[in-house]
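Below: one structure, written as structure tokens.
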Protein chains: 2
Amino acid sequence: MADSPNRTAADPNEEIMRATYRALQEHGYADLTIKRIAEEYGKSTAAIHYHYDTKDDLLAAFLDYILDQFQNTVHEVETTDPEQRLDLLLDKLLVDAQDHLDLLVAMLEMRSQAPYKEAFRERFQQNDEYVRYMLSTVIDQGIQDGVFNDVDAEHAARALMTIVDGGRTRAVVFNEEASLATARQTAEEYVTAVLAVDQSGDG
Amino acid sequence: MADSPNRTAADPNEEIMRATYRALQEHGYADLTIKRIAEEYGKSTAAIHYHYDTKDDLLAAFLDYILDQFQNTVHEVETTDPEQRLDLLLDKLLVDAQDHLDLLVAMLEMRSQAPYKEAFRERFQQNDEYVRYMLSTVIDQGIQDGVFNDVDAEHAARALMTIVDGGRTRAVVFNEEASLATARQTAEEYVTAVLAVDQSGDG
DNA sequence: GCCTTTTGACTAACTGGTTAGTAAGTACTG
DNA sequence: CAGTACTTACTAACCAGTTAGTCAAAAGGC
């Protein structure tokens, strides 16, 4: 109703977000300029400035755009069984990331600017809280179901996010997907050795 | 012998490294310019270019300078008892970092540029291999001493480094030392629940 | 007098952002 | 349906500031 589903959706904002994404893939954040976004957009730099007053405004909007997409994919995980759900969430966070390595690079660049750009920090913080809430909720569920030990779910969620962020950082710095696989395995070990109740007596 | 220990050591290279360090603390890597380094150096920008042809040359030298310092502090850990030694190493990697948060920020910025600057990547890789070697060696020692399970020491070292890098990344992005403490605790949990042999039968 | 070091003045390229102006579409009015 | 007003979307030209890097000349130590 509101938006007509034309082919290639002529909404300028959406187009600029897509152009920013492509420019980011090709040049990285450090070399991202309005001009390069404009080239991807196929219009002049002033056209960009017509829609976004400053570069920072555009980048803040881009973070909203991209983190919203990410949260939607995380939201898709619908299994209710705690152990399986936690596994699927960790897959989303670490395995799926392998298909967007260039985005992972750009995101680490932007994350490293969080100390200087409050708009960035706020958005990354909000996103982190969302994911942590998903994790601690499923961990709490596992505790109630008796499949997880009675640990501090908040801490366990932070621990898993630390492993996730470590794997992502290392994948970018060392340019190797294997870092994501290592992190995935480490997360699994944490779940098995710290969270899961010991059933060795049931043999 | 080789270097005369004058007060304020008049060695230009050393002075420029120190100036770079200060400029990095004050402006961060993204806003680090030759001009700003020169201001800290107290000389002109051309004076910097006399000692280093390009900005990249200078930054590569700076990474050598700073990572060498870091490796020296890690090398100081002299305890031989595996469990205690691993604890002290993790303290060096996570607890001591709290005193150099601004450096942690700059280092994450530089790490995020590894995909674009091979000189950076090489140095971070070499540094990581050094620390991982220290970790896997002490883990192997613990296995031989019978205090650690017979795990893959190489993997365990990578797992711990993943937690370390995760803690550091999160400390920078969210501007909170607590992320380092959480990572330290997570590393401890990993050591206790995955590495340490289970002595519950001895009580 | 020579060699290292440093300076000041410079350049060419690029940065984000501003401006006036244009063209097309939409909405209101009588 | 014609005329007016306004909005959206854009362009070309331009600006002031910053960047890394160059070069001839000068300063300073031995």
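Residue numbers start from 1 in every chain, and the chains themselves are labelled A, B, ... in the order their sequence lines are given, proteins ahead of strands. As the structure is a prediction and not an experimental result, all values here were calculated from the model.
- Put simply, CD1 on B:I48 is 13 Å from C1' on D:dG21, counting in whole angstrom units.
- Residues from residues 25-35 of chain A that place a heavy atom under 4.0 Å from any atom of DNA chain C, listed by number: A:L32, A:T33, A:I34.
- Axis angle, first five pairs versus last five pairs of the helix from C:dG1-D:dC30 to C:dG30-D:dC1: 20°, rounded to 10°.
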Hey, mind stepping through B:E26 and B:R22 against salt bridge (Lys or Arg N to Asp or Glu O under 4.0 Å) and telling me if it holds? CA-CA 6 Å; B:E26 286 170 43; B:R22 291 194 299 273; 5.6 Å; no
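- Judged purely by atom type and a 3.5 angstrom limit, B:T192 has no side-chain atom pairing as donor or acceptor with the backbone of B:E189.
- C:dG16 atom P lies 9 Å from atom CZ of A:R36, rounded to whole Å.
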Stepwise salt bridge (Lys or Arg N to Asp or Glu O under 4.0 Å) check, B:E40 with B:R36: CA-CA 6 Å; B:E40 294 292 334; B:R36 283 175 173 154; over 6 Å; no
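- A 6.0 Å sphere centred on OH of A:Y133 holds no more than 12 heavy atoms belonging to other residues, nucleotides or ligands.
- Taking OG1 of B:T80 as the reference point, atom CD of B:E78 lies at 10.0 Å (rounded to 0.5 Å).
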Walk me through it: do B:R85 and B:D81 pass the test salt bridge (Lys or Arg N to Asp or Glu O under 4.0 Å)? CA-CA 6 Å; B:R85 185 175 170 83; B:D81 173 63; over 6 Å; no
Is there a side chain to side chain contact (heavy atoms under 4.5 Å, CB included) between B:L90 and B:V191? Walk through the geometry before answering. CA-CA 10 Å; B:L90 290 172; B:V191 171; 4.2 Å; yes
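- Looking only at distances, a side-chain donor or acceptor of B:N149 sits under 3.5 Å from a matching main-chain atom of B:V194.
- For the pair A:Y41 OH and D:dT11 C1', the computed distance is 13 Å after rounding to whole Å.
- Without hydrogens or angle criteria, B:T73 side chain to B:F70 main chain gives a donor-acceptor distance under 3.5 Å.
- The separation between A:E39 atom CD and C:dG16 atom P is 12 Å, rounded to whole Å.
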Heavy atoms under 4.0 Å is the rule here; annotate nucleotides 25-30 of chain D 5' to 3' with B where the base is hit, S where only the sugar-phosphate is, and - elsewhere. ------
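- Between the B:D152 side chain and the B:E154 main chain, a donor and an acceptor come within less than 3.5 Å of each other.
- Of all heavy-atom pairs spanning A:L58 and A:M17, the tightest one is O-CE, 4.1 Å.
- Side chains of B:Y52 and B:N13: a donor on one and an acceptor on the other come within 3.5 Å.
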Could you list all N or O pairs between the protein and nucleotides 9-11 of chain C that sit under 3.5 Å apart?
none

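- In this entry the distance linking CG of A:D11 with P of D:dC10 reads 10 Å, nearest Å.
- Remark: nothing in residues 106-124 of chain A comes within less than 4.0 Å of DNA chain D through any heavy atom.
- Looking at B:K92, its side chain never comes within 3.5 Å of a backbone N or O of B:H75 through a donor-acceptor pair.
- Between A:L89 and A:M134, the closest heavy-atom pair is CD1-O, 4.1 Å.
- Not a single donor-acceptor pair under 3.5 Å links the side chain of A:R170 to the backbone N or O of B:D165.
- When every heavy atom of B:I37 is checked against every heavy atom of B:A19, the shortest pair comes out as O-CB, 3.8 Å.
- Across residues 49-62 of chain A, A:H49, A:T54, A:K55 each have a non-hydrogen atom less than 4.0 Å from an atom of DNA chain C (numbered order).
- With a 6.0 Å radius and a threshold of 12 heavy atoms from other residues, nucleotides or ligands, B:Q98 has its CD atom above the threshold.
- The distance from atom CZ of A:R121 to atom CG of A:L63, rounded to the nearest 0.5 Å, is 13.0 Å.
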